[in-house]
Amino acid sequence: MSSKYQNCIDACQKCFIDCQKCIVQMVGQKSNNDCPNCCIQCVDACLFTIKLMLADSQFTIKQVLLCAEICEWCASQCQEHDHEHCKACAESCLACAKECSKLAA
């Protein structure tokens, strides 16, 4: 694996963890938007992105762009909530989107 992916892998891992925590904390709570559905999709996107980076796949750049888009959407949903876990999730999502976008540039 190339070290050029390390910052993006780290950001995806953090995003995965915080989205998973958000999913668990949102069980049974009312949501007027796509949270926690966005977190479920973000978890999957981050994990798949990590897998492609570890494989140094020819599709990595396409995937990091998609991951950034999903993370930005998820952040926008979680930012609408006052829960601490949603705030942490949104922050991690934005950081992941930033790293994914940087890698794709």
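Between the S101 side chain and the A97 main chain, a donor and an acceptor come within less than 3.5 Å of each other. Q79 places no side-chain N or O within donor-acceptor distance of the main-chain N or O of A90, the cut-off being under 3.5 Å. Listed for the S76 side chain is a donor-acceptor partner under 3.5 Å among the backbone atoms of W73.
Scanning all heavy atoms of the two residues, the minimum distance from C89 to C39 falls at SG-SG, 3.7 Å. Listed here is the closest heavy atom pair of I9 and L54: CD1-CD2, 3.9 Å. Between H81 and N32, the shortest heavy-atom distance links the atoms NE2-N, 4.4 Å.
Note on residues 7-17: pairs passing salt bridge (charged side-chain N to carboxylate O under 4.0 Å, His left out), not counting sequence neighbours, are K14-D18. Residue pairs meeting the salt bridge (charged side-chain N to carboxylate O under 4.0 Å, His left out) criterion with at least one member in residues 96-105, sequence neighbours excluded: E99-K102.
Looking at heavy atoms from C-beta onward, F48 lies out of side-chain contact with L66 at the 4.5 angstrom threshold. C42 is not listed as a side-chain neighbour of C22, based on a closest heavy-atom distance of 4.5 Å or more. Between M53 and C12, some side-chain heavy-atom pair lies under the 4.5 Å cut-off. By the 4.5 Å heavy-atom criterion applied to side chains, V64 and C8 are counted as neighbours. A heavy-atom distance below 4.5 Å is not found between the side chains of Y5 and I50. Residues C35 and M26 have side chains in contact (heavy-atom distance under 4.5 Å, counting atoms from C-beta outward). Residues C19 and C46 fail the side-chain proximity criterion, which asks for heavy atoms closer than 4.5 Å.
With sequence neighbours left out, the side-chain hydrogen bond (donor to acceptor under 3.5 Å, both in side chains) criterion links N33 to S31, E80.
I23 and F16 fall within a single hydrophobic cluster, where Ile, Leu, Val, Met, Phe, Trp and Tyr are joined by side-chain heavy atoms under 4.5 Å apart, directly or via other members.
Between atom OG1 of residue T60 and atom NZ of residue K4 there is a gap of 8.0 Å, rounded to the nearest 0.5 Å. We find the SG-CD distance between C100 and E69 to be 11.5 Å, quoted to the nearest 0.5 Å. E84 CD to C86 SG: the interatomic distance, rounded to the nearest 0.5 Å, is 9.5 Å. The CD atom of Q20 lies 11.5 Å from the SG atom of C15; values are rounded to the nearest 0.5 Å. Rounded to the nearest 0.5 angstrom, L52 CG and Q63 CD are separated by 5.5 Å.
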*Show your reasoning for whether side-chain contact (heavy atoms from CB on, under 4.5 Å) applies to C93 and C78.*
CA-CA 9 Å; C93 285; C78 289; 5.9 Å; no
*Take Q29 and H85, measure what side-chain contact (heavy atoms from CB on, under 4.5 Å) needs, and give me the verdict at the end.*
CA-CA 12 Å; Q29 293 195 36; H85 56 87; 4.1 Å; yes
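Within 6.0 Å of CD on E91 lie no more than 12 heavy atoms contributed by other residues, nucleotides or ligands.
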